[in-house]
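Report on the following structure.
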2 protein chains.
Amino acid sequence: MKRKTRQREIIKHVFQSEKRPLNPLEILSLAQGILTGLSLATVYRAIKELVEEEWLITVEVPGLSLYYEINHHHHHHHFYCYSCSKVYEVDGCVPVEALTPKGFLLESHEIILSGQCSSCMHG
Amino acid sequence: MKRKTRQREIIKHVFQSEKRPLNPLEILSLAQGILTGLSLATVYRAIKELVEEEWLITVEVPGLSLYYEINHHHHHHHFYCYSCSKVYEVDGCVPVEALTPKGFLLESHEIILSGQCSSCMHG
DNA sequence: CTTATATTGAAAATGCATTCTCAATAGCAA
DNA sequence: TTGCTATTGAGAATGCATTTTCAATATAAG
């Protein structure tokens, strides 16, 4: 049966405290801050399980490797910061249906804003 | 000096007749329809040059390999068809600035619609 | 505490898109 | 046409994210 392990708990904890989408290497370095010696393979194994149990969902940002975020079950988009390379959740949406070409069926959409996050702008 | 070759001409021709973003394998198979024996390495070499001379621009669709499209110098977005996997250009835009989080600086944005294209829906 | 086995770390292996190597070929200037 | 060399095709090599392997370790049931 499935066991509760320190490494998986730490990985979940990292998502809860960062409150933003993370990629495998970000997860690794944040989690290694708590548990030195954690391996990347374990991060990947944990991600896979957490996505399967729908605790995490995948975030695909064009040109970047996969990011993952806690599954909050609400529609939102993302902001990518060119300076620190972090991805943030962005609430709200805009009426993109208007863009759908005639005869096409719109099933989903993705909006990725890019620029500088507030930490990089100010602080 | 730079030489005009059959393979490069054909690759440009393929973009002009398809009128949609193409990825390296699509370019290869379309171009091989005209010149059997064209190699993938040549497709990559041509893409690289055409992007350098700004005849082509890169299109990054989340989760997919790179696509390329003729540089029309106008702002637009993309539609990805789940059925045939083709990417299409979509004209127009929507006011995404409204989504920018407080304190963040918006520099660019990307909108990717997905669903079924008209060929897959009807005919 | 003991035991069965799920999980881990480390490194090797995989899958893939892309680039490089190199001998053969083909533009193009003379 | 000739000769120089940019370009090509084919396959090997690279770079990368991700997965697998396997012996060592740790969880949790009894």
Side-chain angles (χ1 to χ4, degrees), chain A residues 1-15 21-69 78 80 85-87 112, chain B residues 1-15 21-69 78 80 85-87 112:
Chain A
M1 87 304 318
K2 178 150 189 200
R3 292 174 184 175
K4 170 177 283 200
T5 69
R6 194 147 135 62
Q7 10 291 87
R8 271 200 284 261
E9 292 306 299
I10 289 172
I11 288 168
K12 290 173 76 168
H13 171 78
V14 158
F15 275 102
L22 301 172
N23 66 30
L25 290 179
E26 287 177 330
I27 299 167
L28 180 69
S29 82
L30 288 165
Q32 280 182 334
I34 302 173
L35 178 62
T36 317
L38 176 72
S39 92
L40 184 55
T42 297
V43 169
Y44 275 105
R45 283 186 281 239
I47 288 171
K48 194 175 203 176
E49 290 174 3
L50 293 170
V51 168
E52 274 165 10
E53 56 193 59
E54 298 180 66
W55 191 88
L56 282 181
I57 57 174
T58 297
V59 178
E60 291 173 341
V61 182
L64 305 181
S65 68
L66 288 179
Y67 279 70
Y68 299 89
E69 69 185 11
H78 298 92
Y80 172 69
S85 301
K86 286 179 184 161
V87 174
I112 299 97
Chain B
M1 88 304 318
K2 180 150 189 198
R3 293 173 184 175
K4 171 177 283 200
T5 68
R6 194 146 134 62
Q7 9 292 87
R8 270 200 285 261
E9 292 306 299
I10 289 171
I11 288 169
K12 290 173 77 170
H13 171 76
V14 158
F15 275 102
L22 301 172
N23 66 29
L25 290 180
E26 286 177 330
I27 299 167
L28 180 69
S29 81
L30 288 166
Q32 280 182 335
I34 303 172
L35 178 62
T36 317
L38 177 71
S39 93
L40 185 55
T42 297
V43 169
Y44 274 106
R45 284 187 280 239
I47 288 171
K48 194 175 203 176
E49 291 175 2
L50 293 170
V51 168
E52 276 165 8
E53 57 193 58
E54 298 181 64
W55 192 86
L56 283 181
I57 57 175
T58 296
V59 178
E60 291 173 339
V61 182
L64 305 181
S65 68
L66 288 179
Y67 278 71
Y68 299 88
E69 67 185 12
H78 299 91
Y80 173 70
S85 301
K86 286 180 184 161
V87 174
I112 300 96

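Chain letters run A, B, ... following the sequence lines, proteins first and then strands; every chain starts at 1. Atom set for the values below is all heavy atoms of this structure, side chains included, hydrogens, waters and symmetry mates excluded.
Comparing B/Leu25 and A/Gly37 against DNA chain C, the residue whose closest nucleotide sits nearer the 5' end is A/Gly37. Mapping A/Leu40 and A/Lys2 onto DNA chain D by nearest heavy atom places A/Leu40 at the nucleotide closer to the 5' end.
Atom CG in B/Leu66 sits about 17 Å away from atom P in C/dC16, given to the nearest Å. In this structure, the NZ atom of B/Lys4 is 19 Å from the C1' atom of D/dT5, given to the nearest Å. With rounding to whole Å, A/Arg45 atom CZ is found 7 Å from C/dT8 atom P. Atom CG of B/Leu38 and atom P of C/dA26 are 14 Å apart (whole Å).
At distances below 3.5 Å, at least one donor-acceptor pair connects side-chain atoms of B/Arg8 with backbone N or O atoms of B/Arg3.
A sub-4.0 Å separation between OP1 or OP2 of D/dT8 and a side-chain N or O of B/Thr5 is present. OP1 and OP2 of C/dT19 both lie 4.0 Å or more from every side-chain N or O belonging to B/Tyr44. For D/dG9, one of the phosphate oxygens OP1 or OP2 lies less than 4.0 angstrom from a side-chain nitrogen or oxygen of B/Gln7. For D/dG9, the OP1/OP2 oxygens have a side-chain nitrogen or oxygen of B/Thr42 closer than 4.0 Å. Under 4.0 angstrom from either OP1 or OP2 of C/dA26 there lies no side-chain N or O belonging to B/Arg6.
With C/dA17, C/dT5, C/dT18 as the choices, the nucleotide that has an atom nearest any side-chain atom of B/Pro24 turns out to be C/dT18. Checking C/dG9, D/dA26, D/dA10 against the side-chain heavy atoms of A/Arg3 singles out D/dA26 as nearest. When distances are taken from the side chain of B/Arg8 to each of D/dT8, C/dT18, D/dA10, the shortest belongs to D/dT8.
Taking every heavy atom of both residues into account, A/Glu26 and A/Tyr67 meet most closely at OE1-CE2, 3.5 Å. Among all heavy-atom pairs drawn from A/Ala46 and A/Ile11, the shortest one is CB-CD1, 3.6 Å.
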